Undergrad: 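Questions regarding the structure given below will be posed in turn.
Since this is a predicted model, take the numbers as computed values, not measurements.
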Amino acid sequence: MPYRYRVLAFLFFLSIITYVDRVCIGVLGKRIQTELGIAPEDWGLVLGAFALSYALFEIPTGAMADRAGPRKTASRIVVWWSAFTSLTGMVTGYWQLVACRFLFGAGEAGAYPTSSAAVSRWFPQWERARATGIVWMASRIGGAISPFIVLWLAGLYGWRGTFMVFAGAGLVWVAAWHFWFRDLPTQMAGVTEEEREKIGSYTPSPHGLPWGQALRQRNFWWVLLMYHTYCWGSFFYLSWLTDYLRDGRGYTDGDLKAIAWLPFACGACGNLLGGTFSDRLCQKWGLRKGRLAIGAGGLAMSGLFMMATPYLPGKVYPLVALSLGYGCMDAMLPVSWAVCMDIGRKYAGAVSGAMNMAGQLGSFASSLAFGYIVKWGLGLGWTRQDAYNFPLLPFSCMLLISAALYLKIDPSKQLVPEGAPLPAPHPEPAPAA
């Protein structure tokens with residue numbers, strides 16, 4: 001097996017663990033809220049605290065991956081988040097939980113920019129969207145299996161013990177990663193010359209991303225705005241979906257075990273197909289058309305499916321619509337991260353970190369908005385179903401806006417063209433006499 005596929009296998013399992021840890025609190029939310037006495041509108045801050053800190057630390061961690069390399073950066077990330085995953089199971093009050101989730105988000109921030117940095121070093125350009133799609137497909141597999149694993153473990157060890165188990169899984173991964181992985185194919189014994197030539201050369205930059213140059217380009221801002229509006233819709237699936245199905249559509253824990261995996265299974269398929277087809281279309285139609293056809297089309301379809309969901313009767317049809325919408329939405333996900341590699345090149349970690357920071361600010365806003373909209377609707381005397389359905393309408397509009405913004409992006413324009421002048425690196429301090 002080529003060594004780059006072995007690297008991809010490590011990133012695949014990292015992505016599964018990341019999302020099981022992340023979705024875990026949504027699945028256990030009702031138990032935690034009941035034991036700690038947390039109201040729905042206050043629960044939004046628990047979920048949003050993660051998104052806010054995740055956003056704030058995306059850029060520094062992504063830049064760290066560019067300069068220090070994905071080996072050290074991923075190791076730091078996983079050790080940190082494993083510690084705060086275990087501490088989540090020890091909290092005894094609301095503000096402790098908020099603080100713990102904030103610090104958990106700070107530790108996990110940069111996981112996907114670091115994966116992008118690894119993919120950009122280990123894969124040729126025409127394989128990057130597919131490789132990224134496989135990484136994101138793994139995250140949806142993590143989301144799909146979470147209800148089964150989390151509810152099973154919670155039955156055995158309670159919600160607190162469940163967090164301890166997942167913390168241990170992260171530590172096992174990081175031990176294997178740090179021992180085996182190397183930042184570049186040239187540093188890895190056993191990589192053939194043929195594979196190195198196929199991957200292409202990669203020289204890490206001694207500079208950080210020249211932010212002044214990047215911020216003056218509209219292409220960069222279109223990427224940030226596109227991902228921000230997208231995350232208004234996507235974070236619903238990771239934060240409020242379980243509550244929506246339970247309180248808004250009458251699902252029981254038994255129902256959730258049986259069918260709540262469906263959106264994430266569709267998301268996994270969307271990631272794999274979206275990344276694969278984008279790479280093929282890029283070879284056939286060129287980089288811009290190949291990326292934008294999948295990106296904008298997937299977002300537009302997902303917005304329409306989410307917009308239709310409140311008007312569908314029963315329990316099954318809304319879940320099917322949300323699942324199809326998630327699959328379409330996730331078809332664009334690996335394409336967006338590949339776009340960051342296209343325009344960022346050796347600064348892929350910093351650029352994808354900036355994009356994800358903008359997105360997580362949208363996630364933070366949407367996590368709070370959902371809880372307060374539900375509270376507002378119930379205060380007006382709406383039924384619980386109507387109160388939980390209404391937030392989907394503005395969220396779906398944000399997805400349609402994101403699709404329109406996607407059409408503005410040009411993946412063929414590098415933020416820092418090869419050969420462009422860069423600031424001089426900081427001089428090393430003189431050795432002591």
Side-chain angles (χ1 to χ4, degrees), residues 19-52 84-105 142-143 145-167 235-261 263-264 315 318-319 363-364 366-379 381-391:
Y19 261 70
V20 170
D21 282 359
R22 189 181 300 186
V23 175
C24 178
I25 195 165
V27 177
L28 296 174
K30 188 60 64 176
R31 288 175 168 84
I32 300 172
Q33 291 173 58
T34 300
E35 181 172 328
L36 300 182
I38 302 173
E41 62 272 19
D42 295 327
W43 184 246
L45 182 58
V46 173
L47 301 174
F50 164 85
L52 179 61
F84 282 97
T85 296
S86 65
L87 289 172
T88 301
M90 302 180 188
V91 299
T92 58
Y94 173 68
W95 288 110
Q96 286 182 10
L97 181 59
V98 171
C100 195
R101 297 309 291 177
F102 182 89
L103 293 170
F104 171 76
I145 64 178
S146 287
F148 301 100
I149 297 177
V150 172
L151 292 173
W152 174 64
L153 288 173
L156 293 176
Y157 308 115
W159 67 266
R160 297 180 182 276
T162 302
F163 283 103
M164 304 295 180
V165 173
F166 291 139
F235 199 65
F236 160 77
Y237 288 90
L238 305 179
S239 56
W240 285 102
L241 177 62
T242 302
D243 289 283
Y244 170 77
L245 295 176
R246 183 187 289 117
D247 296 330
R249 290 292 179 168
Y251 277 71
T252 64
D253 280 351
D255 296 330
L256 293 174
K257 286 181 181 179
I259 203 168
W261 54 269
F264 297 99
K315 295 164 63 175
L319 180 61
S363 298
F364 173 69
S366 72
S367 66
L368 295 180
F370 194 99
Y372 278 100
I373 291 173
V374 169
K375 180 183 178 182
W376 173 72
L378 294 174
W382 293 2
T383 65
R384 293 190 69 81
Q385 180 169 323
D386 287 341
Y388 275 85
N389 271 322
F390 186 77

Undergrad: What pair of heavy atoms forms the shortest contact from G142 to V20, and how long is it?
TA: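 Smallest heavy-atom distance, with atoms named: O-CG2, 3.5 Å.
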Undergrad: Tell me whether the rings of W240 and F370 are parallel (<30°), tilted (30 to 60°) or perpendicular (>60°).
TA: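 Ring orientation of W240 relative to F370: parallel.
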Undergrad: So how far is it from L151 CG to L156 CG, rounded to the nearest 0.5 Å?
TA: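 Output value for this atom pair is 11.0 Å.
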Undergrad: Using the side-chain contact (heavy atoms from CB on, under 4.5 Å) rule, take W95 and L45 through it: C-alpha gap first, then chi angles, then the decisive distance, then the call.
TA: CA-CA 10 Å; W95 288 110; L45 182 58; 3.9 Å; yes
Undergrad: Using 0.5 Å steps for rounding, measure from the CD1 atom of I373 to the CG atom of L378.
TA: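 I373 CD1 to L378 CG: 12.0 Å, rounded to 0.5 Å.
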Undergrad: Between atom OG1 of T85 and atom CZ of F104, what is the distance when rounded to the nearest 0.5 Å?
TA: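 Here the rounded value is 4.0 Å.
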Undergrad: Under the 3.5 angstrom rule, does the side chain of Y388 hit a backbone N or O of R249 as a donor-acceptor pair?
TA: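 No; judged by distance alone, with no hydrogens or angles, the pair does not exist.
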Undergrad: Keeping N389 on the side-chain end and Q385 on the backbone end, is there a donor-acceptor pair under 3.5 Å?
TA: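 Indeed, once roles are kept as given, a pair shorter than 3.5 Å links the two residues.
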Undergrad: Is there a donor-acceptor contact under 3.5 Å from the side chain of T162 to the main chain of A154?
TA: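 Checking the backbone N and O of A154 against the side chain of T162, a donor-acceptor pair under 3.5 Å is found.
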Undergrad: Could you check whether any side-chain heavy atom of Q33 comes within less than 4.5 Å of a side-chain heavy atom of V46, counting everything from C-beta outward?
TA: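 Side-chain contact under 4.5 Å: no.
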Undergrad: Mind listing the closest non-hydrogen atom pair of R160 and L36 along with its distance?
TA: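 Nearest pair, atom of R160 first, then L36: NH2-CD2, 4.3 Å.
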Undergrad: Would you confirm whether Y94, through its side chain, and D42, through its main-chain N or O, come within 3.5 Å as a donor-acceptor pair?
TA: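 Yes; judged by distance alone, with no hydrogens or angles, the pair exists.
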Undergrad: Would you name the heavy atoms of V98 and A49 that are closest together and state the gap between them?
TA: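 In this case the closest contact between V98 and A49 is O-CB, 3.7 Å.
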Undergrad: About how many Å separate OH of Y251 and CG of L241, when rounded to the nearest 0.5 Å?
TA: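 Separation between the atoms: 9.5 Å.
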Undergrad: Any side-chain heavy atom of F163 sitting closer than 4.5 Å to one from V91?
TA: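 The answer is no, as the side chains (C-beta and beyond) never meet within the 4.5 Å cut-off.
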Undergrad: Kindly compute the distance separating CH2 (W376) from CH2 (W382), expressed to the nearest 0.5 Å.
TA: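 Going from the CH2 atom of W376 to the CH2 atom of W382 covers 4.0 Å.
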Undergrad: Please verify the inter-ring angle class for F50 with F235; under 30° counts as parallel, over 60° as perpendicular, anything in between as tilted.
TA: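 Parallel, since the angle between the ring planes stays under 30°.
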Undergrad: Without swapping roles, check the side chain of W159 against the backbone of G89 for a donor-acceptor pair under 3.5 Å.
TA: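 No, W159 side chain to G89 backbone: no donor-acceptor pair under 3.5 Å.
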Undergrad: Is the side chain of D255 donor-acceptor paired with the backbone N or O of T252 at a distance under 3.5 Å, no angle test?
TA: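 Yes; judged by distance alone, with no hydrogens or angles, the pair exists.
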Undergrad: On a heavy-atom basis, which atom in G48 and which in S367 lie closest, and how many Å separate them?
TA: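 Closest pair (atom of G48, atom of S367, distance): CA-OG, 3.2 Å.
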Undergrad: Would the distance check show the side chain of R101 and the main-chain N or O of F84 forming a donor-acceptor pair, the cut-off being under 3.5 Å?
TA: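 No; judged by distance alone, with no hydrogens or angles, the pair does not exist.
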Undergrad: Is L97 close to W43 at the side-chain level, that is, under 4.5 Å between some pair of heavy atoms?
TA: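 A side-chain contact exists here, since the closest heavy-atom pair is under 4.5 Å.
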Undergrad: Suppose we call two aromatic rings close when their centres sit under 6.0 Å apart. Are Y244 and F236 close by that rule?
TA: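 Y244 vs F236: aromatic centres under 6.0 Å.
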Undergrad: Would the distance check show the side chain of E35 and the main-chain N or O of R31 forming a donor-acceptor pair, the cut-off being under 3.5 Å?
TA: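 No; zero donor-acceptor contacts below 3.5 Å.
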Undergrad: In Å and rounded to the nearest 0.5 Å, what is the CE to CG distance from M164 to L87?
TA: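 Answer for the CE-CG pair, M164 versus L87, is 7.5 Å.
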